[in-house]
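Structure record follows, encoded as structure tokens.
Below, chain A is the first sequence line, B the second, and so on; all start at residue 1.
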Amino acid sequence: MATETIQKTSWADDVDNELEHSKVEDFVDENGIRTIIEYKTNEDGKKIKVTRKIKRTLRKSLVNHSVAERKTWAKFGGEKGNAPGPDRSTTTVGEEVFLKLSVGNKSAEPEKTEEQVMKANLAKAGKVTCRLCKGDHFTAKCPYKDSLAGLDELAAPADDTLAPLDGPMPGIGATAGGKYVPPSMRAGAGRGAGESMYRSGNRDDLPTLRVTNVSEDTTDNDLRDLFGTFGRVARVYIGRDRETGIGKGYAFVSFEDRAVAQKAMDKVHGMGYDNLILNCQWSQPREQR
DNA sequence: TATGAGCGG
């Protein structure tokens, strides 16, 4: 069976062929009327002439003077000798189009979040206000943080979607104003069974080892692998130079369980690792220094 | 070289 050997390599070939068969005249007369005359060959191989006349007015304010002047410059190089200005048969002169781009089909002007408003207000006032007690310190530094933080949670407006019912849901435990409160956050919640192993979430509460004599190219994952053999590793931090990112030779490894940390320290202290001998000690919480 | 980063300053 004979096979057609003519191959199209690109859709652009079609365009090129079309261009070969078409000639364009394009000029603007003294009355400002632009005439475009195209000579084409149609599918039947017949030559046709297409004439278009366009009258258009330009607002002066849209003309960029340096660009306008550039259109009068004499051409050089391959274009030498041709009339100044863009050749309309090869160059499309577009109108100015202003695009307003946005992401996700949303408005390009994002509405301000509560946080941003607060930031703006702070910048205006130039002053720090505690969200809990309204004192002139950071919320994180509030002396009443422990006692007020929980209350703040409970008093927060019911903006969550987890409590569609008006009243407290039966069997869902202590609530205030219909808002769901996780067991660990309920009043009187102790450190009993089911309590989060992450304690209060403060990293300084975690049993942490300071590991020194760590080689420069040791990564977080390396240490996770190493210490993970003794139990669950909560966090790894490698001391690095702020600019270069090169390790400064020490690291912090936090565990969830103190006994695991103790065992890891016993095993890893003095251990050879990457041509160095690791040193393991209990870390001092940052606040104490 | 040797006890973390950064928060709303």
Side-chain angles (χ1 to χ4, degrees), chain A residues 110-153 155-157 159 185 197-228 230-258 260-289:
Chain A
E111 44 196 81
K112 280 186 180 172
T113 65
E114 195 183 329
E115 198 179 358
Q116 285 171 321
V117 170
M118 188 167 68
K119 248 184 207 177
N121 290 342
L122 277 169
K124 221 186 289 172
K127 179 172 137 206
V128 175
T129 309
C130 174
R131 280 192 295 249
L132 297 177
C133 74
K134 312 299 177 200
D136 58 355
H137 47 253
F138 288 135
T139 308
K141 296 276 166 59
C142 180
Y144 311 112
K145 188 165 70 167
D146 288 341
S147 51
L148 290 179
L151 295 175
D152 188 54
E153 284 287 314
D159 59 349
M185 299 292 286
M197 285 201 290
Y198 295 96
R199 320 282 168 99
S200 64
N202 185 340
R203 68 187 167 84
D204 289 322
D205 290 343
L206 294 168
T208 300
L209 300 180
R210 181 181 63 121
V211 188
T212 56
N213 219 20
V214 178
S215 82
E216 276 183 4
D217 37 38
T218 300
T219 66
D220 292 29
N221 276 340
D222 291 337
L223 294 182
R224 259 183 201 283
D225 290 347
L226 175 62
F227 286 95
F230 304 100
R232 197 181 282 273
V233 174
R235 204 181 72 100
V236 172
Y237 177 89
I238 293 190
R240 298 179 185 280
D241 184 280
R242 280 287 259 303
E243 273 75 40
T244 66
I246 296 169
K248 287 200 281 193
Y250 65 90
F252 292 92
V253 181
S254 302
F255 296 84
E256 290 174 8
D257 185 63
R258 178 162 282 269
V260 169
Q262 178 69 62
K263 190 178 177 192
M265 182 167 70
D266 294 344
K267 295 284 184 187
V268 174
H269 184 72
M271 177 193 201
Y273 192 79
D274 209 10
N275 299 327
L276 296 174
I277 293 175
L278 293 178
N279 186 321
C280 256
Q281 297 164 51
W282 287 113
S283 158
Q284 298 300 119
R286 219 164 171 252
E287 278 69 25
Q288 289 180 16
R289 300 196 304 266

Send over the distance from [X] [atom1] to [N] [atom2], rounded to a whole Å.
X	N	atom1	atom2	answer
A/Arg235	B/dT3	CZ	C1'	12 Å
A/Ile238	B/dT1	CD1	P	19 Å
A/Arg131	B/dG9	CZ	P	11 Å
A/His137	B/dG9	NE2	P	16 Å
A/Arg210	B/dG4	CZ	C1'	12 Å
A/Gln284	B/dT3	CD	P	12 Å

>> Given B/dT1, B/dG4, B/dA2, identify the nucleotide with an atom nearest to the side chain of A/Asn213.
In response: B/dA2
> Between B/dG9, B/dT1, B/dT3, which nucleotide has the shortest distance from any of its atoms to the side chain of A/Phe252?
Replying inline: B/dT3
> Which atoms form the tightest heavy-atom contact between A/Thr208 and A/Trp282, and what is the distance?
Replying inline: O-CE3, 3.5 Å
>> Ignoring hydrogens, what is the shortest heavy-atom contact between A/Thr212 and A/Arg210? Give both atom names and the distance.
In response: CG2-NH1, 3.5 Å
> When you measure from every atom of DNA chain B, which of residues 267-282 of chain A have a heavy atom less than 4.0 Å away?
Replying inline: none
>> Run the side-chain hydrogen bond (donor to acceptor under 3.5 Å, both in side chains) test against A/Asn213 and tell me which residues pass, sequence neighbours left out.
In response: none
>> My understanding is that only residues two or more places apart in sequence, or in another chain, count here; which of them pass side-chain hydrogen bond (donor to acceptor under 3.5 Å, both in side chains) with A/Asp225?
In response: none
Only counting residues at least two apart or in another chain, list the ones meeting side chain to side chain contact (heavy atoms under 4.5 Å, CB included) with [X].
X	answer
A/Val260	A/Phe230, A/Phe255, A/Asp257
A/His269	A/Asn279, A/Cys280
A/Phe138	A/Val128, A/Lys141

Name the nucleic acid region contacted by [X], choosing base, sugar-phosphate or nothing; use a 4.0 angstrom heavy-atom cut-off, strictly under.
X	answer
A/Asp241	nothing
A/Gly239	nothing
A/Arg240	nothing

>> Are B/dG4 and A/Tyr237 stacked, with the base six-membered ring and the side-chain ring centres under 5.5 Å apart and planes under 30°?
In response: no
> If each of A/Arg242 and A/Thr212 is mapped to the nucleotide of DNA chain B with the nearest heavy atom, which maps nearer the 5' terminus, i.e. the 5' end?
Replying inline: A/Thr212
